[in-house]
Amino acid sequence: MTTKTAIVTGGNRGLGLEISRQLVAAGVRVVIGARDPVKGERAVRTLKAGDLAESHALDVNDTRSVDRFVEHVEKRHGAPAILVNNAGVYPEDPDAKVVDTRTALWRETFETNLFGAVRLCRVVVPMMQRVGYGRVVNMSSGLGQISQMGAGSPAYRVSKAALNAFTATLAAEVKDTGILVNSMSPGWVRTDMGGADAPRGVEEGADTAVWLAMLPAGGPTGQFFRDRKAIPW
């Protein structure tokens with residue numbers, strides 16, 4: 001039985017690290033992408049997963065870094081079966097308003113939250129197509145739900161709504177090829193981004209991402225999930 005290989009971007013801490021932990025527990029080999037190689041290696045050591053976990057330098061904002069990272073994964077393990085686009089930023093105040101948000105902050109937010117996922121998918125999805133199998137999980141947010149859109153954090157909200165639109169578009173493009181593409185919301189989770197007052201632990205927040213990463217053939221695609229249940233865009 002061939003061991004599946006998963007890429008988890010931003011996997012050196014928080015939700016990404018917990019997703020990596022749960023995937024390893026399911027017998028999946030995980031390659032963590034981390035901007036800081038030292039932090040990536042430190043994260044791998046905490047997993048205590050032997051040869052099922054490793055880290056490699058990755059800056060999702062840099063196309064050449066993405067190319068080098070994926071080339072490294074392919075040379076060592078072949079085509080990745082799973083891609084979890086977890087890397088994300090939230091560089092604005094929760095009470096920020098559209099009229100006060102600098103264009104540079106919008107660009108910074110979209111660069112990671114949307115274009116980072118686009119860069120990874122652009123390289124990884126063709127590999128998945130060649131082998132006829134793949135699972136892509138895009139880490140979104142309830143703040144990006146258009147059906148419940150509100151005020152505050154405009155750049156973050158719109159970047160996650162855009163990520164959801166990207167998810168639906170990519171899923172339609174690869175329909176019936178063996179590749180399933182979905183978005184998910186972890187809820188408000190106790191991480192560096194979510195803060196200590198968040199009501200959910202990382203284990204709970206990571207569960208749906210891992211479930212989507214392990215979907216069987218014929219599973220859902222082009223949908224948005226929270227707690228393993230489809231939610232409106």
Side-chain angles (χ1 to χ4, degrees), residues 6-11 14-20 22-23 28 30-33 58 60-61 66 69-70 80-90 109-129 133-149 153 155-175 177-189 191 193-194 202 205-215 219-233:
I7 290 171
V8 181
T9 69
L15 277 169
L17 182 57
E18 181 58 28
I19 290 167
S20 300
Q22 292 185 24
L23 285 171
V28 176
V30 174
V31 184
I32 288 173
L58 173 64
V60 301
N61 295 352
V66 169
F69 176 87
V70 177
I82 297 165
L83 169 61
V84 181
N85 285 308
N86 169 75
V89 296
Y90 190 169
T109 307
F110 270 70
E111 197 66 56
T112 300
N113 293 358
L114 175 63
F115 299 135
V118 172
R119 290 186 185 95
L120 264 298
C121 287
R122 201 164 51 200
V123 182
V124 172
V125 169
M127 294 179 178
M128 293 176 168
Q129 288 175 309
Y133 181 93
R135 303 290 181 265
V136 178
V137 183
N138 292 326
M139 186 65 68
S140 186
S141 169
L143 293 180
Q145 270 186 285
I146 292 178
S147 59
Q148 298 185 21
M149 192 60 69
S153 308
Y156 183 80
R157 284 182 181 275
V158 178
S159 73
K160 292 300 187 179
L163 180 64
N164 285 349
F166 169 68
T167 299
T169 300
L170 179 60
E173 287 184 0
V174 299
K175 185 179 179 181
T177 66
I179 302 171
L180 306 178
V181 186
N182 292 287
S183 285
M184 58 85 60
S185 168
W188 186 14
V189 178
T191 62
M193 184 182 292
V202 289
D207 175 74
T208 298
V210 175
W211 172 69
L212 290 171
M214 304 294 287
L215 284 173
T221 189
Q223 296 186 45
F224 190 18
F225 289 88
R226 181 188 294 121
D227 295 332
R228 302 194 182 192
K229 296 178 181 178
I231 58 176
W233 293 110

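Nothing fancy with the numbering, it's 1 onward along the sequence.
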request  = Grab the two heavy atoms, one from S147 and one from P232, that are nearest each other, plus how far apart they are.
outcome  = OG-CB, 3.6 Å
ask   = Relative to the ring of W211, is the ring of F225 parallel (under 30°), tilted (30 to 60°) or perpendicular (over 60°)?
value = perpendicular
inquiry  = Under the criterion side chain to side chain contact (heavy atoms under 4.5 Å, CB included), I'd like the reasoning laid out for I7 against F69: C-alpha separation, chi angles, the key distance, then a yes or no.
reply    = CA-CA 10 Å; I7 290 171; F69 176 87; 3.5 Å; yes
Distance, nearest 0.5 Å, that separates CD of E111 from CZ of R119 = 4.5 Å
S183-N138 side chain donor-acceptor pair, cut-off 3.5 Å = no
message = What's the separation between atom CG in L58 and atom CD1 in I32, rounded to the nearest 0.5 Å?
response = 11.5 Å
task = Start with the C-alpha gap between V174 and M128, add the side-chain angles, then the distance that decides, and say whether side chain to side chain contact (heavy atoms under 4.5 Å, CB included) holds.
result = CA-CA 10 Å; V174 299; M128 293 176 168; over 6 Å; no
request  = Take I179 and Q129, measure what side chain to side chain contact (heavy atoms under 4.5 Å, CB included) needs, and give me the verdict at the end.
outcome  = CA-CA 7 Å; I179 302 171; Q129 288 175 309; 3.5 Å; yes
query = If you take all heavy atoms of L163 and A117, which pair is closest and at what distance?
reply = CD1-CB, 3.8 Å
key: Non-hydrogen atoms of S159 and T109 that approach each other most closely   = OG-CG2, 3.6 Å
request  = Output yes when a side-chain donor or acceptor of D227 lies under 3.5 Å from a complementary backbone atom of T208, and no otherwise.
outcome  = no
With V136, the side-chain contact (heavy atoms from CB on, under 4.5 Å) member among N182, I82, T221, N85 = N85
